[in-house]
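Keep in mind that what you see is a predicted model, and the values were worked out from it rather than measured. All heavy atoms count here, side chains included; hydrogens, waters and symmetry mates do not.
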Amino acid sequence: LEMHRGTLTSLAPIKQGNRRAELALREAEWLCACARLQGAVYPATELYEAWDTLLLNQFHDILPGSSIPCVNDQAIAELAQVRATAERLADQALEALGAPAAADGNALLLVNTLNWDRTDWLDVPALPGGQVPVASGLAWQQVEDITGAQVLALGGVSVPALGSVTLPLAP
C-alpha cells in the first residue's frame, strides 16, 4: 500500500461527482455551523445522511468505476443528490446568516468559505431598484453576462478567509 498514490477512474462522472459532493458538503457544514452560532438549527441528521451516502460511494469498486453499470449509474445519481442536498443546506444557512444584515435589501452579504483571503472580481445578478454597493475602493459596472442577463461586475472585492463582508447598497 505504500506505493498506492490515489484512485484513478474509468468513469469521470463518478470521480467528478465525488469531489464536487465533498466540496459542497464541506461548504455546507461550515455555513451551517456559522448559522448555528446565529441561532439557526444545525441540520445534523441531513448532513450525516449525506456524508454516509458520499462515503458509501467511495467503496473500492465504485470510485474507480470498476463496478457493474447499474451500480455506476446509481452512484452518479446518489452523488448528484448529495451535492443537491449540500447546496440546499448551504443556501438555507446563507439565508440565516444574511437575514440580520440584508433583510431590508439594503446590503449585499459576501461569504468566503475558502481558507485564504480573496480579492477578486465578482459578478452578481443586477440588484433591484438599480442599487449598487457603496464601499470605498470598490469598482462596479453594470454589464451583460454571456446569456444576455444584466449583472453587476464588482472589482476589488476583498473577503477574509472563512469570513464575510457586508456591502451597503444605495440607488
Could you go through the side-chain contact (heavy atoms from CB on, under 4.5 Å) check for Val71 and Asp61 one step at a time? CA-CA 9 Å; Val71 172; Asp61 282 341; over 6 Å; no
Could you walk me through whether Leu109 and Ser164 pass side-chain contact (heavy atoms from CB on, under 4.5 Å), step by step? CA-CA 7 Å; Leu109 177 68; Ser164 65; 4.0 Å; yes
Show, in sequence, the C-alpha distance, side-chain angles and deciding distance for Val159 and Val111, and conclude whether the side-chain contact (heavy atoms from CB on, under 4.5 Å) test is met. CA-CA 7 Å; Val159 184; Val111 178; 6.0 Å; no
Please evaluate residues Asp120 and Val157 with respect to the criterion side-chain contact (heavy atoms from CB on, under 4.5 Å), reporting the C-alpha separation (whole Å), side-chain torsions for both, the decisive distance (0.1 Å), and the verdict. CA-CA 6 Å; Asp120 213 338; Val157 177; over 6 Å; no
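Within a 6.0 Å sphere centred on CH2 of Trp140, heavy atoms belonging to other residues, nucleotides or ligands number 12 at most. Heavy-atom neighbours of Gln150 CD from other residues, nucleotides or ligands within 6.0 Å: above the threshold of 12.
Taking all atoms of both residues into account, the shortest heavy-atom contact from Ala86 to Ala28 is O-CB, 3.4 Å. Nearest approach of Arg26 to Leu162, heavy atoms of both residues: NH2-CD2, 3.8 Å. Across Pro64 and Phe59, no two heavy atoms sit closer than the pair CD-O, 4.0 Å.
Side-chain contact between Ile76 and Ile14 is present, with heavy atoms from C-beta onward closer than 4.5 Å. Leu63 is listed as a side-chain neighbour of Asn18, based on a closest heavy-atom distance under 4.5 Å. No side-chain heavy atom of Trp121 sits less than 4.5 Å from a side-chain heavy atom of Gln141.
With hydrogens and angles left out, the side-chain atoms of Glu78 and Thr53 include no donor and acceptor closer than 3.5 Å. Using modelled atom types and a 3.5 Å distance limit, the side chains of Gln92 and Glu87 yield no donor-acceptor pair.
The salt bridge (charged side-chain N to carboxylate O under 4.0 Å, His left out) test applied to Glu49 returns no partner, not counting sequence neighbours.
One hydrophobic cluster, built from ILVMFWY side chains closer than 4.5 Å, cannot hold both Leu108 and Val151; they sit in different ones. Leu79 and Leu47 fall within the same hydrophobic cluster, defined by Ile, Leu, Val, Met, Phe, Trp and Tyr side-chain heavy atoms under 4.5 Å apart, directly or through other members.
Atom SG of Cys32 is separated from atom CG of Leu94 by 9.0 Å, given to the nearest 0.5 angstrom. Taking OG1 of Thr113 as the reference point, atom CZ of Arg118 lies at 9.0 Å (rounded to 0.5 Å). Glu27 CD to Glu22 CD: the interatomic distance, rounded to the nearest 0.5 Å, is 14.0 Å.
For Ser67 (side chain) and Asn72 (main-chain N/O), no donor-acceptor pair under 3.5 Å exists by modelled atom type. Remark: the backbone N or O of Gly163 is not paired with any side-chain donor or acceptor of Asn112 at under 3.5 angstrom.
Remark: of the listed residues Val82, Leu25, Leu56, Leu25 is the sole one forming a side-chain contact (heavy atoms from CB on, under 4.5 Å) with Trp51.
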